[in-house]
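Since the structure comes first, as structure tokens, the remarks are kept for the end.
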Amino acid sequence: GENVEQHPSTLSVQEGDSAVIKCTYSDSASNYFPWYKQELGKGPQLIIDIRSNVGEKKDQRIAVTLNKTAKHFSLHITETQPEDSAVYFCAASKGTGFQKLVFGTGTRLLVSP
Amino acid sequence: GAVVSQHPSRVICKSGTSVKIECRSLDFQATTMFWYRQFPKQSLMLMATSNEGSKATYEQGVEKDKFLINHASLTLSTLTVTSAHPEDSSFYICSAKPTGKGETQYFGPGTRLLVL
């Protein structure tokens, strides 16, 4: 089955810096890759997703890149702000319908003022 | 749009009792909902896939008789933890996939269960 690895487990940056979180997946059939932000005591919030027919997607300060050949995808946050501090999870799934998400282990991002 | 609610947000119960958690998609229909459990500082672990009008599909190692799932309508799924024990204490989160809208899942705010 699918296995998703995520690095780093923790990431500390200064406000205004960029942050990059990387994930690798094992199943070449996976074709949907969402990123979720989870604040303490809350449910995950979808922040951006990408499908395998696209190499990059951007939404304001957030971007995701996908390398299908290497089977890895990355989240890029520019101009980080303290409110970006949270745990970020990547995930992967294949197909539509009932296909389940397989989550990475999470990255705790701390943005210091 | 794409709002998912859960009720209750927190529950404390005595060992041996049963607890029901509701998951509702507020502004869309969801043929498929998912139930996850999350322990402190860990990732989300899928427990089961809930399909409207049919039996849930449980992940390996999850006891279907202990975690009863009912998905009686396109906007409501319930998870009942039967005969709860302290080791069942966890953060339970549901997600819902809008019908006919592809793979995107939207998560609820979670339910914190503490079994004494």
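Just so you know, these numbers use all the heavy atoms, side chains as well, and skip hydrogens, waters and symmetry mates. Throughout, protein chains are lettered first and strands after them, A, B, ... in sequence-line order, and every chain is numbered starting at 1.
- Proximity to chain A (any heavy atom under 4.5 Å) is shown, for B/Thr104, by both the backbone and the side chain.
- Shown here is B/Glu87, whose CD atom has more than 12 heavy atoms of other residues, nucleotides or ligands within 6.0 Å.
- Atom CG of B/Leu116 sits in a crowded spot, with more than 12 heavy atoms from other residues, nucleotides or ligands closer than 6.0 Å.
- Annotation: the span from A/Ser93 atom OG to B/Lys97 atom NZ amounts to 6.5 Å, rounded to 0.5 Å.
- Counting non-hydrogen atoms of neighbouring residues, nucleotides and ligands closer than 6.0 angstrom, the CZ atom of B/Arg10 reaches no more than 12 such neighbours.
- Panel note: side chain B/Ser43, backbone A/Gly106; no donor-acceptor pair is recorded below 3.5 Å.
- The local environment of CD in A/Gln81 is crowded, with over 12 non-hydrogen atoms from other residues, nucleotides or ligands closer than 6.0 Å.
- If you chain together hydrophobic residues whose side chains sit under 4.5 Å apart, A/Val4 and A/Leu11 fall into the same group.
- Within the 4.5 Å cutoff, side-chain heavy atoms of B/Ile93 are placed close to those of A/Gln38.
- Linking ILVMFWY side-chain heavy atoms closer than 4.5 Å, directly or via other members, places A/Phe103 and B/Tyr106 in a single hydrophobic cluster.
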Let me see the working for B/Gln105 and A/Tyr32 under side chain to side chain contact (heavy atoms under 4.5 Å, CB included), right down to the final yes or no. CA-CA 11 Å; B/Gln105 291 185 31; A/Tyr32 174 64; over 6 Å; no

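- B/Phe107 contributes atom CZ, which lies 6.0 Å from atom CG of A/Leu101 (distance to the nearest 0.5 angstrom).
- The local environment of NZ in A/Lys68 is sparse, with at most 12 non-hydrogen atoms from other residues, nucleotides or ligands closer than 6.0 Å.
- B/Phe91 has its side chain out of reach of A/Lys42: every pair of non-hydrogen atoms, C-beta onward, lies at least 4.5 Å apart.
- In this structure, chain B has heavy atoms under 4.5 Å from both the backbone and the side chain of A/Pro44.
- Here the closest non-hydrogen pair linking B/Gln38 and A/Phe89 is NE2-CZ, 3.7 Å.
- Heavy-atom distances place no part of A/Gln6 under 4.5 Å from chain B, backbone and side chain included.
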